[in-house]
Enquirer: 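Before I ask anything, here is the structure I am working with.
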Amino acid sequence: MTTEELPGRPGVAAVEARRALVSPGDRLRANAAAFGDKPALVFPVAGTREHRSRTFAELDAESDRYAAGFASRGIASGTRTVVMMPVGPDLFAVIFGLLKLGAVPVIVDPGMGLRRMLRCYRAAGARAFIGVPAAQAIRVLRPDAFAGIRTVVTAGRRWCWGGATLSGLAATAAAPPRPAIEADDLVMISFTSGSTGSAKGVESTHGALAEMIRQAATHYRHAPSDVCLVTSLSFAFLHLLTGATCVVPEIDFARVADTEPAMITDLVRRYAVTAMFGSPALLDPLARHLDGTGEQVPTLRLVVSGGAPVANEVVARLRRVLAAQQGRMHVTYGATEAVPIASIEAGELLDEVRPAGHGGGTCVGRPVDGVDLRVIRPTDGPIPDWSAVRPAGPDEIGEIVVSGPTVSRRYVGSAAANAHAKIVEAERIWHRTGDLGRVDEQGRVWFAGRRSDVVRTADGPLYPVPCETVLDEHPAVRRTALVGVGDPGRQQPVVCVELREGVPATQRPRIERELRELAQRHEATRNLTDFRFHPAFPVDVRHNAKIDHGRLAAWAARTRTGGTPGRPRRSGTA
């Protein structure tokens, strides 16, 4: 059996989802029928402070026209289709048009850079391409990455490359086909950011999407009455499918850390936003802004943080803001292959977990309903089946593996990646997250860092996050990163330190002395003595918050103790 033929029956929850499966197209049609005049999307007019809206009825009708037009050009059920368009109403209409046909949108984060993007598109095996003129130019100039493309649609002015235009297809009057859709059919291919390795194409199914919608309704109480602020494309589709209104801010989705918190606050107040998702890079300045100005956001009932560990002080600030209006904040843990995996509410995190958390890592809560999570002893090689797994002991740090109806069972076109990341257990597939952690007596998951970021010293392994959470408590420190210099098994631990904005360089000797004293007070950090100040950590391109330990380790290897050379090229901003 090859890894491209991995078995895996979805399980009880997915079987139930199959029985009651409602396709994304039918969900949009139902939402249009139930509240057609309600805005589905509120989006900015470029260069102004004005916003326009598109109702559910309009989004449904427009996506129907696109679906009919795509079908006339040969796009059908199962057609993998590259979509390269900016976030906006046309993008949502195009993707819903594809989903109504059972076609499979292929989504790649543009922030990862051209070379990685082309590698992703080459692996996807797409047969159709929908993109703006600049994207079409890339396709023409790099045909090797798009060798399988047979259908081309331009969103905008068409130049020398032929094919149809989106505006031309929008004039199609025919009714689109409505193919039967099964739970195991692909709904979308989205690529990991590649911030912790090569980017991989994650196959998501209609059954998994249906289960995600159910989880959103039960765990976060998402409902049609919600107005959601959009900072993530995947969450936007989830909100639209629940019938909620999505407010799209004018931001660079590849650089969310640059978002102005005053603008976010204004949108929340202006459109009575009730829920939002954000990475720590966005929520940290927002929390500081709200805490510093005293501005109120009385309608905001829910804030969900994800994409990277979030500092307790950020959680505390947002909790104070939300508490006045009985709102809640959740910290989530997940991956492109499984969203979400675990979640914890701010009250439990701060009142029960934080007092006992020093040196224990970052608590990300309990697995959400439908996700089975286990911890196994780490190994660098593939694990062909569950019989080769060595379970971790109680409260022992190991690799986190997950299974369930929302967990992707395979990567597209990569036998090696599937062999390394998937474990077969009878008719079930487990996904190896590559993350390390443990489960405490209360069933809560504690994140300890990436398997690839462990510092392997002669005295044993040092796990990054348990050390970093201790040192991050220093008031002058924005964040720290533990890295290893030298050969595995004999690595020397180095703590990279990024100071808060405005802290002068003259304070570094004092801060280093205090960090050494702080490290001595905790078992996890007692042997850390090498501290080096860095101007701005490299971070991931998707959430601008996940620290690139590998690049910092390379930087540390080039510096002397206490050295701070020029700023390296960053993969994102923070």
Side-chain angles (χ1 to χ4, degrees), residues 87 109-113 192-196 228-236 248-265 267-268 275-292 300 303-319 321 329-336 339-340 346 349 362 364 447 449-450 453 464-465 468-469 472 477-481 496-503 534-552 567-574:
V87 176
D109 193 330
M112 70 171 58
T192 62
S193 65
S195 58
T196 54
C228 302
L229 187 78
V230 172
T231 62
S232 163
L233 186 60
S234 58
F235 275 83
V248 182
E250 190 171 16
I251 64 175
D252 183 344
F253 281 80
R255 300 171 69 90
V256 294
D258 293 343
T259 302
E260 279 292 331
M263 181 266 287
I264 295 295
T265 303
L267 289 178
V268 170
M276 67 174 290
F277 167 88
S279 81
L282 182 142
L283 294 180
D284 186 6
L286 177 62
R288 292 177 183 278
H289 173 78
L290 293 173
D291 201 34
L300 193 59
V303 174
V304 179
S305 173
V310 59
N312 284 330
E313 66 171 300
V314 178
V315 178
R317 281 195 178 97
L318 283 172
R319 184 194 184 195
V321 172
M329 180 182 179
H330 278 262
V331 175
T332 63
Y333 163 63
T336 307
V339 181
L349 180 64
T362 296
V364 293
F447 175 68
R450 294 289 295 173
D453 295 334
V465 174
E468 293 161 2
T469 52
D472 288 349
V477 170
R478 182 182 182 192
R479 52 192 171 186
T480 59
C496 303
V497 181
E498 182 181 347
L499 297 177
R500 293 194 181 280
E501 186 177 354
V503 177
H534 190 283
F537 284 179
V539 293
D540 69 293
V541 299
R542 181 161 297 160
H543 299 294
N544 300 171
K546 192 182 298 180
I547 299 169
D548 190 332
H549 285 74
R551 291 178 65 184
L552 281 177
R567 180 180 303 219
R569 177 179 173 271
R570 293 189 290 170
S571 59
T573 55

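Excluded from the calculations below are hydrogen atoms, water molecules and symmetry mates; all remaining heavy atoms, backbone and side chain alike, are included.
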Enquirer: Start with the C-alpha distance between Thr469 and Thr362, add both sets of side-chain angles, then the distance that settles side-chain contact (heavy atoms from CB on, under 4.5 Å), and finish with yes or no.
Expert: CA-CA 7 Å; Thr469 52; Thr362 296; 3.5 Å; yes
Enquirer: How long is the straight-line distance from NE2 of His289 back to CD1 of Ile264, given to the nearest 0.5 Å?
Expert: 10.5 Å
Enquirer: Do side-chain atoms of Asp548 reach the backbone of Val539 as a donor and acceptor pair under 3.5 angstrom?
Expert: no
Enquirer: Might you work through the side-chain contact (heavy atoms from CB on, under 4.5 Å) test for Val364 and Thr332, ending with a clear yes or no?
Expert: CA-CA 6 Å; Val364 293; Thr332 63; over 6 Å; no
Enquirer: If we ignore hydrogens and angles and just use 3.5 Å, is the side chain of Thr259 paired with the main-chain N or O of Leu282 as donor and acceptor?
Expert: no
Enquirer: When you compare the side chain of Ser305 with that of Met329, does any pair of heavy atoms fall below 4.5 Å?
Expert: yes
Enquirer: Sort out for me which residue in Glu313, Glu498, Glu501, Glu468 forms a salt bridge (charged side-chain N to carboxylate O under 4.0 Å, His left out) with Arg478.
Expert: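 Looking at Glu313, Glu498, Glu501, Glu468, the match for Arg478 under the salt bridge (charged side-chain N to carboxylate O under 4.0 Å, His left out) is Glu498.
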Enquirer: Can you find a pair of side-chain heavy atoms, one from Ile251 and one from Val256, that are under 4.5 Å apart?
Expert: yes
Enquirer: Could you tell me whether Asp258 and Arg255 have a side-chain N and a carboxylate O separated by less than 4.0 Å?
Expert: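 Yes.
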Enquirer: Tell me, do Val303 and His330 make a side-chain contact under 4.5 Å, heavy atoms counted?
Expert: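 The answer is no, as the side chains (C-beta and beyond) never meet within the 4.5 Å cut-off.
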Enquirer: Could you measure the distance from the CD atom of Glu250 to the CG atom of Leu267? Nearest 0.5 Å is fine.
Expert: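 Result: 10.0 Å between the selected atoms.
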Enquirer: Side-chain contact, heavy-atom cut-off 4.5 Å: Arg288 with Pro261?
Expert: no
Enquirer: Could you report the tightest heavy-atom contact between Ser232 and Phe253, atom names first, then the distance?
Expert: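 Shortest heavy-atom contact: N-CE2, 4.1 Å.
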Enquirer: Can you tell if the side chain of Val497 reaches within under 4.5 Å of the side chain of His534, non-hydrogen atoms only?
Expert: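 The answer is no; the side chains never approach within 4.5 Å.
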Enquirer: Does Val314 reach the side chain of Pro280, with side-chain heavy atoms less than 4.5 Å apart?
Expert: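 No. Closest side-chain heavy atoms not under 4.5 Å.
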Enquirer: Can you find a pair of side-chain heavy atoms, one from Thr265 and one from Leu286, that are under 4.5 Å apart?
Expert: yes
Enquirer: In sequence, state the C-alpha distance, the side-chain angles, and the governing distance for Arg500 and Val503, and then conclude on side-chain contact (heavy atoms from CB on, under 4.5 Å).
Expert: CA-CA 6 Å; Arg500 293 194 181 280; Val503 177; 4.0 Å; yes
Enquirer: Please report the interatomic distance CG(Asp453) to CD1(Ile547), rounded to the nearest 0.5 Å.
Expert: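 CD1 of Ile547 is found 9.5 Å from CG of Asp453.
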Enquirer: Between Leu229 and Pro249, what is the shortest heavy-atom contact and its length?
Expert: CD1-CD, 4.3 Å
Enquirer: Return the set of residues passing side chain to side chain donor-acceptor pair (under 3.5 Å) with Asp472 (not counting sequence neighbours), or none when no residue passes.
Expert: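 Once residues adjacent in sequence are excluded, the partners of Asp472 under the side chain to side chain donor-acceptor pair (under 3.5 Å) criterion are Thr480.
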Enquirer: Would you say the side chain of Phe447 lies within less than 4.5 Å of the side chain of Pro309, judging by non-hydrogen atoms?
Expert: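 A side-chain contact under 4.5 Å exists here.
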Enquirer: Students often mix this up, so state it plainly: with edges at 30° and 60°, are the rings of Phe277 and Phe235 parallel, tilted or perpendicular?
Expert: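 Geometry flag for Phe235 against Phe277: parallel rings.
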Enquirer: To check you understand the geometry: which heavy-atom pair defines the closest contact between Asp540 and Lys546, and what is its length?
Expert: OD1-N, 2.6 Å
